[in-house]
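Computed from a predicted model, the values in this text were never measured in an experiment. Order of the sequence lines fixes the chain letters, A, B, ..., with proteins taken first and strands second; residue numbering starts at 1 for each chain.
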Number of protein chains: 2
Amino acid sequence: MTDTEKVKRSGRPRAFDPEAGVAAATRLFWEKGYDAVGVAELAQTIGINPPSLYAAYGSKRELFARAVAHYAGTQGRFFARLDADGPAYETLISVLEDAARAGTGDATARGCLVLDGTRNCTDSGARALTAEVRAGLREKAHALIARDRPEVADSAADYFMFVLTAISGSAIDGVPLDRLMQDIALAGQGLGAMLGRG
Amino acid sequence: MTDTEKVKRSGRPRAFDPEAGVAAATRLFWEKGYDAVGVAELAQTIGINPPSLYAAYGSKRELFARAVAHYAGTQGRFFARLDADGPAYETLISVLEDAARAGTGDATARGCLVLDGTRNCTDSGARALTAEVRAGLREKAHALIARDRPEVADSAADYFMFVLTAISGSAIDGVPLDRLMQDIALAGQGLGAMLGRG
DNA sequence: CCTTTTCTGTATCGGTCACTAAAAAAACCT
DNA sequence: AGGTTTTTTTAGTGACCGATACAGAAAAGG
């Protein structure tokens with residue numbers, strides 16, 4: 001008995017799908033970054049007026065929070081593999097490669113929303129949102145590494161985030177996927193030396 | 001006979017030092033990024049009013065260009081070592097380490113102005129400015145590597161910029177210098193494998 | 001002295017920012 | 001139908017954005 005059924009309520013029904021609105025907002029935030037996207041632009045892209053946006057989502061920052069969550073569940077879904085119990089080195093490398101693919105996937109993809117979406121952002125709340133997700137990613141990587149090699153988990157998890165940062169920033173700067181794959185292979189040598197590949 | 005003497009001209013003399021203004025603007029652009037700094041804030045920090053700023057520098061973008069040049073000649077001076085004729089691997093690593101030091105040097109240092117100062121920036125002219133400097137850096141690294149190992153110059157120069165991107169982004173995200181040094185050592189293994197250390 | 005030139009501060013330009021007050025519109029209820 | 005609830009649209013709020021018009025002030029040349 002899944003409770004996803006919509007409860008019938010009084011009042012004028014909403015003329016748009018809030019989840020579809022979040023998806024559209026995610027695209028916009030991803031392409032331009034938090035500060036560079038205006039509320040008027042968000043509303044127009046969703047197909048509504050600003051008051052409807054505020055009624056549905058509360059504020060630009062809360063909509064961004066929804067967008068980050070949506071992004072994590074779609075573009076960033078491959079990070080869930082860090083929770084699996086495969087070999088650490090191979091898992092980390094494959095996640096880095098998927099990150100490169102996601103950050104260069106289509107013409108409008110520009111790096112990673114979580115890593116670079118709030119760079120130079122004036123809203124500290126928005127910055128804190130992405131920072132929390134980044135901390136969660138580091139924690140996942142740390143836990144994966146610590147299962148087999150607890151003594152290098154701190155260093156390796158830091159290095160994983162370091163390389164992730166390079167991937168997102170480079171993707172934004174226009175480095176194509178095949179170059180990113182080369183870079184990941186080179187960066188992976190440091191990871192392999194610490195973790196032992198295989 | 002250096003021609004740095006100021007030419008005496010008619011008219012009311014300028015009440016501030018334009019070069020000192022550029023230095024102050026550089027700090028501001030570095031700390032907050034291009035878009036997040038307003039003209040009013042720039043003028044106030046320099047100690048002038050907006051009209052004086054426009055009279056002296058032309059526009060916010062032109063002042064930013066001056067700031068980038070000033071930054072390259074001060075914070076980024078160590079990149080000149082890429083032009084020296086030392087061993088490629090050691091030179092590249094030491095430059096990366098200096099970049100980490102510059103990006104975490106004091107409390108207000110936030111990564112690299114050239115690498116991250118125009119992230120999520122809405123002014124395409126400002127973005128082009130930093131991109132040109134980045135391309136120049138890559139070119140320097142490429143030339144250094146190509147002297148001894150032309151067959152890997154493309155890959156190694158790309159990887160050098162990849163690691164540089166990670167350093168700046170990580171510094172902004174709060175990674176301390178000692179962790180960055182560890183990360184550089186790990187990333188350097190990929191560089192060493194290509195270039196041969198020594 | 002007076003004119004010319006350049007810089008100064010004040011006060012503001014039109015445009016956009018995130019956000020909202022108010023009322024019309026579209027559904028439900030009795 | 002009449003009343004209630006919620007969303008819609010219209011039309012704005014004050015604050016800030018980059019950039020300037022204007023007039024007074026401070027120097028030089030005559």
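Counted within 6.0 Å of CZ on B:Arg147, heavy atoms from surrounding residues, nucleotides or ligands total more than 12; the atom is thus considered enclosed. Within a 6.0 Å sphere centred on CD of A:Glu31, other residues, nucleotides and ligands contribute more than 12 heavy atoms.
Per the geometry, CG belonging to B:Leu63 stands 11 Å off P belonging to D:dA19, to the nearest Å. Rounded to an integer number of Å, the gap from B:Ile46 CD1 to C:dC7 P is 15 Å. Look at CD on A:Glu62: it is 13 Å from C1' on C:dA18, rounded to the nearest Å.
Looking only at atom types and distance, the side chain of B:Ser59 has a donor-acceptor partner in the side chain of B:Glu62 under 3.5 Å away.
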Dump the pairs, protein N or O against N or O of nucleotides 14-17 of chain D, anything under 3.5 Å, distances to one decimal.
none

For nucleotides 7-10 of chain D, which of its nitrogen or oxygen atoms have a protein nitrogen or oxygen under 3.5 Å away, and what is each distance?
residue : atom : partner : partner atom : Å
D:dT7   : OP1  : A:Arg14 : NH2          : 3.2
D:dT7   : O4'  : A:Arg12 : O            : 3.2
D:dT8   : OP1  : A:Ala15 : N            : 2.8
D:dT8   : OP2  : A:Ser52 : OG           : 3.1
D:dT9   : OP2  : A:Asn49 : OD1          : 2.6
D:dT9   : O5'  : A:Asn49 : OD1          : 3.2

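Classification of B:Arg138 and B:Asp154 as a salt-bridged pair holds, one side-chain N sitting under 4.0 Å from a carboxylate O. The existence of a salt bridge linking B:Glu132 and B:Arg134 is excluded, since no basic side-chain nitrogen approaches an acidic carboxylate oxygen closer than 4.0 Å.
Judged by distance alone, the side chain of B:Asp123 and the main-chain N or O of B:Gly125 form a donor-acceptor pair under 3.5 Å. Between the side chain of A:Asp158 and the backbone N or O of B:Asp183, no donor-acceptor pair lies under 3.5 Å.
Taking 4.0 angstrom as the limit, A:Tyr54 places a side-chain polar atom (N or O) nearer than this to OP1 or OP2 of C:dC19.
Applying a 4.0 Å cut-off to non-hydrogen atoms, none of the residues of residues 22-33 of chain A approaches DNA chain C.
The only option from B:Tyr34, B:Tyr71, B:Trp30 that meets the ring-ring contact (aromatic ring centres under 6.0 Å, His included) definition with B:Phe64 turns out to be B:Tyr34.
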Exercise. For A:Arg81 and A:Asp98, what are the C-alpha separation, side-chain angles and deciding distance, and is it a salt bridge (Lys or Arg N to Asp or Glu O under 4.0 Å)?
Worked result: CA-CA 11 Å; A:Arg81 286 211 307 279; A:Asp98 275 356; 2.9 Å; yes
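Taking 4.5 Å as the limit, some side-chain heavy atom of B:Ile46 sits within range of a side-chain heavy atom of B:Tyr57.
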